[in-house]
K.L.:
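Dumping the structure here so I can ask a few things about it.
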Amino acid sequence: MVLDGEQRLVAVLVRLSDANEVAPGQWYLEAGFGRIDGGSHPTFSNLDLAQDWIGERVAHRSSN
């Protein structure tokens, strides 16, 4: 679970199995809320990349 600075749930990430045929061992955006909600459910090779991607969208929401 990913929380924003105000402790609100903004996303749920899951680590895919190493046996996954499409993206083994990667992190998958299972669900996004608010600005992160949408048709895109990307995968990330590590949690730092996922955090950066989510952080950009949360910051964009805060600036509007």
Side-chain angles (χ1 to χ4, degrees):
M1 293 190 322
V2 181
L3 305 175
D4 68 6
E6 296 177 20
Q7 300 301 302
R8 293 178 297 205
L9 180 64
V10 295
V12 176
L13 296 169
V14 295
R15 186 177 179 278
L16 300 174
S17 165
D18 288 332
N20 182 283
E21 294 178 10
V22 176
Q26 293 201 9
W27 291 89
Y28 173 71
L29 178 67
E30 182 71 33
F33 307 98
R35 172 121 359 237
I36 300 169
D37 187 18
S40 177
H41 291 269
T43 59
F44 307 93
S45 59
N46 61 59
L47 286 175
D48 288 335
L49 291 174
Q51 180 179 346
D52 291 345
W53 187 87
I54 291 167
E56 289 173 8
R57 278 142 190 85
V58 170
H60 182 69
R61 176 180 67 193
S62 298
S63 67
N64 287 339

K.L.:
I need the full list of salt bridge (Lys or Arg N to Asp or Glu O under 4.0 Å) pairs touching residues 15-33, with sequence neighbours left out, sorted by first then second residue.
P.N.:
Arg15-Asp18
K.L.:
Are Met1 and Leu9 close enough that some pair of their side-chain heavy atoms sits under 4.5 Å apart?
P.N.:
yes
K.L.:
For Ile36, run the side chain to side chain contact (heavy atoms under 4.5 Å, CB included) check against Val12, Val2, Asp4, Val10 and tell me which one passes.
P.N.:
Val10
K.L.:
Would you mind writing out the side-chain donor-acceptor pairs for residues 42-52 within the sub-3.5 Å range, not counting sequence neighbours?
P.N.:
residue : atom : partner : partner atom : Å
Thr43   : OG1  : Gln26   : OE1          : 3.1
Asn46   : OD1  : Asp48   : N            : 3.0
Asn46   : OD1  : Leu49   : N            : 2.8

K.L.:
Val14: which other cluster members, linking ILVMFWY side chains closer than 4.5 Å, directly or transitively?
P.N.:
Leu16, Tyr28
